[in-house]
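Each remark here refers to the structure printed beneath this line.
Reminder, nothing fancy here: chain letters follow the sequence lines and each chain counts from 1.
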2 protein chains.
Amino acid sequence: MNKLGIFMNFWEKQWDADHIKYINKAADIGFDILEFQAQPLLEMSDEKLAKIKAEADKRGIELTYSLGLDPKYDISSTDETIRVGGVKYLSEIMNQVKKMDGKIISGVSYAGWGAPDYILEDKSAMLEASVKSMKELVKKAEEMEITYCVEAVNRFEGALLNTSKEAVEYVKMVDSPAIGVLLDTFHMNIEENNIGDAIRYAGKYLKGFHTGENNRVVPGKGHLDWDEIFKALKDVDYKGRIVSEPFVLMGGDVGLSIKTWRNLVDDTTEAGLDKEAKFLLDFEKSMMKKWGL
Amino acid sequence: MNKLGIFMNFWEKQWDADHIKYINKAADIGFDILEFQAQPLLEMSDEKLAKIKAEADKRGIELTYSLGLDPKYDISSTDETIRVGGVKYLSEIMNQVKKMDGKIISGVSYAGWGAPDYILEDKSAMLEASVKSMKELVKKAEEMEITYCVEAVNRFEGALLNTSKEAVEYVKMVDSPAIGVLLDTFHMNIEENNIGDAIRYAGKYLKGFHTGENNRVVPGKGHLDWDEIFKALKDVDYKGRIVSEPFVLMGGDVGLSIKTWRNLVDDTTEAGLDKEAKFLLDFEKSMMKKWGL
C-alpha cells in the first residue's frame, strides 16, 4: 500500500511554518506523510530537529523533503563558482535531512527553480554541468541511504527537465541506485502528450510521485483524468510515496512562488482547508482501491 | 461555419516575420485566417500595410491581431504615467489595425504580459485601473468597429484575468458592445476546474477562441478533451473565429516568451511544420463536423 502524504504549505502562505502543528494535523486527518521544504532545516538547531522528528515518530508520520533550488545555488550553472557552491549547499541540506533520518529529497533539485530569462538554443552545457554535480551528490546520497529525486516541472518553473523522458535520460546519465525520477500531475498536465504514457515511460525509475489538480486544487476537483493516472501507477507497479501538493490560497511568499492570484476555494478558513485535505485523502484512497494499488 | 486560423509564429522564432509569405502559406494549407502580433504594425509604413492587406484580400485570408502587452505599457498599472502611456500605445495600435480594416484584437491586452514578481494580496486596484483604461479604449473600438477581446491566461503569464469567470466579470464592468472574452484551451487547461463549463460560463461574451494542446503542440496530438471543447462551443452557439496557436520550436524570441525549452516535434523543417498545420486544420474541421458547428 502506497503511503499517502500532503505538503505543509497547503495551509500556510509562508514556506517556513510550525512543523509540529502540521505533523499533528496530518496525522489527525489520516495521512502517512508530511512533506515540506528542505531549506528551513538549515536554520534549525539540532535540538529543534530532534524535537520535530520525535513528534513525527510519536504520531507515526514520515517526514519528506522537497526544494526549489535558489538560482544562486544552481548546480546546472556553467559558472563553476555557482555550481560548486550549489553542490556544497545541497550537501549541507542532505546532512540535515539525514539527522532527521529522512529517506527522500525531491523537487527542482538539479537546477535553479524558475525559467531562464534569456534565449536558450541548446541545453547540453546546462545538462552536463547538472549531471556532473549530481554524480557528486549521489555518492553522498548512497552513503546516507537517501533517495534523491529529480522532478520534471513545467516550462514556467524550469528548463532542464520538463518531461518524464528528459528526467529518465538524466537519471540514466547519473547512474546511481540513489537517484530517481519524481513525476507530478500538475506539471505533467502542462508538458506531456499523454500522462499515462509518461508514468509508464518512467517505469522503474519512478521513485516519487506528487499529485495536484490541473489548477492545483485538491485531486478530484479539477479536470485531470485520475483513472488514467492511477491505472498507470498500477501498470508500473508503483509502490512509492504519493504526496499531494495542492495550493489554493492567494498571497504571501507561497502565493508568489506558486503564482496563485486568486483563492481557489470558497472557504479559506483552517477548518475549510482541513475538509479539502480530508476530501483528497479519501479520493486518493478510493482511486488506489479502484485500481488495485 | 466558424472561420479557422493559425498564428504566424508557429513557423517563426522571431515575432516579426514575412507576413506575405505566411498569408500565402495559410491560404495554401486551407486556413481562413492568419493571426500575428499587432505590435509590429507600429513599425510599418502605410505602403507596407496596404501591400500586406492587398495580398491577404487576394488570397481570401482575414488578418487578425493579438498582443502580449509590454509591461511598460501596462494599462492596469496604478502608476498613472504608465497607465496613460499604455492607453495611448493601444490606441495607436488600433489605428494601424483599422488601416488594415481589421475586426478583432485579442491577447493580454488589458495588463502587462507576465506574472508579478511581488507578493499580491489584492487585485482590486489593478482591476480598477485596467477597467478605467479599457472604458477609454472601447469608445475608440466602437467607432472603429473593432472587437477588443480580453484573453484569460494562465497564472505564469498574467495575474489579472486567469479564468473565464474573471474575464466575464471584467467585460461586464467595461460594458460595451465592442468588448468580448477570448478563451484559449492551453490556458484553460491550467486554470479552469472544467473547460466545458468555462466555455459555457463565457456564453454570449465569448467573441474569440484560441486552440492549442496542453503542451502547445497542434490540437489533436496532446491530451486535451476536444470533444468536450467543441461540444461546449456548440452549446453556446459560438459562431466566431477559431485560431490555433501551436508553438513547437525551441529557441529565439518566441521560444523565450513561450518558454519552449525543447522541440516538440520530430521534424522541425518547414515542410514538417506545414504537415502539422494541415493536420490541425483537418482535425478541427472533423471536430466541427462531429459537433455540428
Could you tell me if the side chain of A/N193 sits less than 4.5 Å from the side chain of B/K221, heavy atoms only? no

Rounded at 0.5 Å granularity, tell me how far CZ in A/R216 sits from CD1 in B/I190. 11.0 Å

Carboxylate-amine/guanidinium contact B/R262 A/E191, below 4.0 Å: yes

Would you check if B/I119 and A/D253 make a side-chain contact, meaning some heavy-atom pair closer than 4.5 Å? yes

Looking at NE2 of A/H223 and CG of B/D197, how far apart are the two atoms once the value is rounded to the nearest 0.5 Å? 11.0 Å

Tell me, out of B/N194, B/L264, B/N154, who's got the most heavy-atom pairs with chain A below 4.5 Å. B/N154

Just by distance, no angles: are the side chains of B/N189 and A/N214 close enough, under 3.5 Å, to form a donor-acceptor pair? no

Which atoms of A/F186 are under 4.5 Å from chain B, going by heavy atoms: the side chain, the backbone, both sets, or neither? side chain

Nearest-0.5 Å distance, CD of residue A/E121 to CG of residue B/L256: 10.0 Å

CD-CZ distance between B/E157 and A/F156, expressed to the nearest 0.5 angstrom: 4.5 Å

Check each atom of A/M188 against the heavy atoms of chain B and say whether the ones under 4.5 Å are side chain, backbone, both or neither. backbone

Among the options A/S257, A/G158, A/P116, A/G251, pick out the one with the most heavy-atom pairs lying under 4.5 Å from chain B. A/P116

Out of A/A159, A/A115, A/G255, A/G222, which one racks up the most heavy-atom pairs below 4.5 Å with chain B? A/A159

Name of the residue among B/N162, B/L161, B/L160, B/T163 meeting side-chain contact (heavy atoms from CB on, under 4.5 Å) with A/W261: B/N162

Euclidean distance, B/R155 CZ relative to A/T260 OG1, rounded to 0.5 Å: 5.5 Å

